[in-house]
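Please read the structure below before turning to the comments.
If you're wondering where the values come from, they're calculated on a predicted model, not measured in any experiment. Remember, it's 1-based here, ligands and their atoms both numbered in the order they're listed. One-based numbering along the sequence shown.
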Amino acid sequence: MLHRHTTTKQSQCLFNPGKLINMEAIKATAEGVKKVSTTPVKAFGTEAATAPLGELNIQRRKPTTHDVEIEILYCGVCHSDLHTARNEWHGTIYPCVPGHEIVGRVVSVGGHVKKFKVGELAAVGCMVDSCRECDYCSEGLEQYCENGNTGTYNSPDTHLGGHTFGGYSESIVVDEAFVLRVPENLDPAATAPLLCAGITTYSPLKHWNVGPGKKVGIVGIGGLGHMGVKLAKAMGAEVVVFTTSPSKFEDARRLGADDVVLSKDPEQMQRYAGKLHFVLDAVSAQHDINAYLNLLRVDGSLALVGAPENPLPVAAFSLIPNRRSFAGSMIGGIAETQEMLDFCGKHNIVSDIEMINIQQINEAYERLLKGDVKYRFVIDMASLKNGK
Ligand code: NAP
Ligand code: ZN
Ligand code: ZN
């Protein structure tokens, strides 16, 4: 989840910007919600921005008629988990259990569930519900739901009151409309990161018509960026990687890049000045956005998916000369997420992963901050069950 601070009592969710999350309303919802039976579930999360993550217990609802109960096998570690756990977007509700790149096995289904059977693999991404009625929901753009989508974590829980808890947990219960199918030919652990890093890069690449004949820049080769390279290449584009890390040069080519540029070197950057049709910026920290806007051709677009804590200054003359567009993009809708998973199944695309135990999560966050992951940590959730 992405959140931005507005007042001490209210915070705005960047995954549903029209909607203010009101802490008082969450309490009121909790009181107003009718009694739903629950099961205690082991999870890993944090009680405060400065506290390390540790084991805690949460309640999951017992599956209702349209629900799928999933035993979580693998959960990817997104930089948004870290931003949220540490309250870098100033809207975190504690205790916070992050995790929105979930792959698991269906262990029970409600009476009306049609899409899933017990024993099948299933996946959950960044959303677990939306209003399903507004114009955007009707168009399959649930991520932009006018009434606010329900994030997998840190959103008001419409069933139990309180707020939602994510995938760093033994199991999750989700309405089947928000549960995805996992292609059978893909490794389930390496598929988990597709649920956020995959869709967040696939959606803008599709929206800005990336394909044959297009020159595309991918900036920041972390979890999102490395998926962006693989996907843009599979869509047929010419792909140029922009990285601050010389150690990623060789990998960038292996991931599919046609060229690699060290973004700290102005001479190397100059090679692509005014040359690119589209740039996808997946950087998690403060950086000079003007350096990348200047790479765009006439009518080129730069889409920001990275969400640094502070504003990025944009110079008017980075946009005006080539009629350039500066845009943003947030995850993707449910149908598009399934389309992305099927595309990855067809092209045999998964994430490059480093598997960790849940007990290593605090160390993994520190390594994420240093860009020291190739290219996504995935938690083997058996470690939570086994306690090691
Ligand atoms: P990540 O794995 O940590 O990757 C971020 C990459 O950014 C790093 O590998 C590094 O790439 C580059 N970078 C880091 N610090 C930098 C700095 N100070 N200056 C320049 N480059 C720097 O993170 P991620 O999980 O891919 O997420 C990336 C961002 O996207 C996060 O802010 C996350 O919250 C956001 N996000 C947004 C959405 C959405 O819907 N829009 C969804 C998910 C995540 P190099 O080493 O190649 O330079
Ligand atoms: Zn994410
Ligand atoms: Zn809606």
Exercise for the section: Consider every N or O of His287 and every N or O of ligand 1, then say whether any pair is closer than 3.5 Å. Expected result: no
Fill in the blank from the handout: Out of Lys248, Lys370, Met227, Arg367, the nearest non-hydrogen contact to atom 9 (O) of ligand 1 is supplied by Lys248
Handout entry: the Zn ion (ligand 2) contact by His79, N, O or S atom under 2.8 Å
Key = no
Problem - Within-4.5 Å side-chain heavy-atom neighbours: Val182 and Leu341 - result: no
Handout entry: Close-contact set for ligand 1 against Cys196 heavy atoms, below 4.0 Å
Key = 42 (C), 43 (C)
Practice task
In sequence, state the C-alpha distance, the side-chain angles, and the governing distance for Cys78 and Arg376, and then conclude on side chain to side chain contact (heavy atoms under 4.5 Å, CB included).
Solution key: CA-CA 8 Å; Cys78 179; Arg376 196 56 136 189; 3.5 Å; yes
Problem - Heavy-atom nearest option to atom 31 (C) of ligand 1, drawn from Lys374, His83, Lys264 - result: His83
Practice task
With heavy atoms of Gly220 as the reference, note each atom of ligand 1 found under 4.0 Å away.
Solution key: 11 (O), 47 (O)
Handout entry: Arg376 to ligand 1, any heavy atom closer than 4.0 Å
Key = yes
Problem - Verify same cluster id: Met340, Val216 (apolar side-chain graph, 4.5 Å) - result: yes
Problem - Ligand-residue contact atoms, ligand 1 with Thr243, heavy atoms, under 4.0 Å - result: 45 (P), 46 (O), 47 (O), 48 (O)
Practice task
Just let me know how Ser284 lines up against ligand 1, side chain, backbone, both or neither, with a heavy-atom cut-off below 4.0 Å.
Solution key: both
Exercise for the section: For ligand 1, find out whether one of its N or O atoms is nearer than 3.5 Å to an N or O atom of Gly223. Expected result: yes
Exercise for the section: Taking only Lys NZ, Arg NE, NH1 and NH2, and the carboxylate oxygens of Asp or Glu, determine whether Glu309 and Arg86 approach each other closer than 4.0 Å. Expected result: no
Completion exercise
Exactly one candidate in Ile353, Val378, Asp187, Ile102 meets side-chain contact (heavy atoms from CB on, under 4.5 Å) with Tyr74; the answer is Val378
Exercise for the section: For Ile221, counting its heavy atoms only, list the atoms of ligand 1 lying under 4.0 Å from any of them. Expected result: 9 (O), 11 (O), 45 (P), 47 (O)
Handout entry: Residues which pass side-chain contact (heavy atoms from CB on, under 4.5 Å) with Asp175, listed by chain and number, not counting sequence neighbours
Key = His66, Asp67, Arg132, Ala177
Practice task
Using 2.8 Å as a strict upper limit, say whether an N, O or S atom of Cys126 approaches the Zn ion (ligand 2) that closely.
Solution key: no
Exercise for the section: Test Glu339 against Lys206 for salt bridge (charged side-chain N to carboxylate O under 4.0 Å, His left out), laying out the working first. Expected result: CA-CA 11 Å; Glu339 178 189 304; Lys206 287 284 286 208; 3.4 Å; yes
Completion exercise
Taken in chain and number order and not counting sequence neighbours, the residues that satisfy ring-ring contact (aromatic ring centres under 6.0 Å, His included) with His347 are Phe343
Problem - Side-chain heavy-atom pair Val124, His100 within 4.5 angstrom cut-off - result: no
Handout entry: Numbering as shown, the atoms of ligand 1 that approach His79 to under 4.0 Å (heavy-atom distance)
Key = 1 (P), 3 (O), 23 (O), 24 (P), 25 (O), 27 (O), 31 (C)
Problem - Same apolar cluster: Leu302 and Trp208, side chain cutoff 4.5 Å - result: no
Handout entry: Numbering as shown, the atoms of ligand 1 that approach Ala285 to under 4.0 Å (heavy-atom distance)
Key = 15 (N), 16 (C), 17 (C), 18 (N)
Problem - Test of proximity, Phe242 against ligand 1: N or O pairs below 3.5 Å - result: no
Practice task
List every atom of ligand 1 that sits less than 4.0 Å from any heavy atom of Ser329, numbering the atoms from 1 in the order shown and giving each element.
Solution key: 39 (C), 40 (O), 41 (N)
Handout entry: Structural part of Ile331 in contact with ligand 1, heavy atom criterion under 4.0 angstrom
Key = both
Handout entry: Parallel, tilted or perpendicular: rings of Tyr272 and Phe242 (30°, 60°)
Key = perpendicular
Problem - Electrostatic pair Asp259-Arg253, nearest N-O below 4.0 angstrom - result: yes
Practice task
Would you give the angle at the Zn ion (ligand 2) between Cys196 atom SG and Cys78 atom SG, to the nearest 10°?
Solution key: 120°
Exercise for the section: Looking only at distances, please establish whether an N/O atom of ligand 1 is found under 3.5 Å from an N/O atom of Met330. Expected result: no
Exercise for the section: Evaluate the criterion side-chain hydrogen bond (donor to acceptor under 3.5 Å, both in side chains) for residue pair Thr92 and Asn87; output intermediate values, then yes/no. Expected result: CA-CA 5 Å; Thr92 305; Asn87 201 22; 3.3 Å; yes
Handout entry: Salt-bridge contact Lys230-Asp352 (side-chain N to carboxylate O under 4.0 Å)
Key = yes
Handout entry: Cluster check Val283, Val305: I/L/V/M/F/W/Y, side chain < 4.5 angstrom
Key = no
Handout entry: Pair listing, side-chain hydrogen bond (donor to acceptor under 3.5 Å, both in side chains) test, anchored in residues 315-334, at least two apart
Key = Asn290-Ser318, Asp299-Arg323
Practice task
Going by heavy-atom distance to atom 28 (C) of ligand 1, choose the closest among Gly125, Gly306, Ala282.
Solution key: Ala282
Completion exercise
Within 4.0 Å of some non-hydrogen atom of Trp89, the atoms of ligand 1 are 34 (O)
Handout entry: Sub-4.5 Å side-chain heavy-atom contact between Thr39 and Lys62
Key = yes
Practice task
Pull up every protein N/O/S atom sitting under 2.8 Å from the Zn ion (ligand 3), skipping waters.
Solution key: Cys131 SG, Cys134 SG, Cys137 SG, Cys145 SG
Practice task
Decide whether an N or O pair under 3.5 Å exists between Ala307 and ligand 1.
Solution key: yes
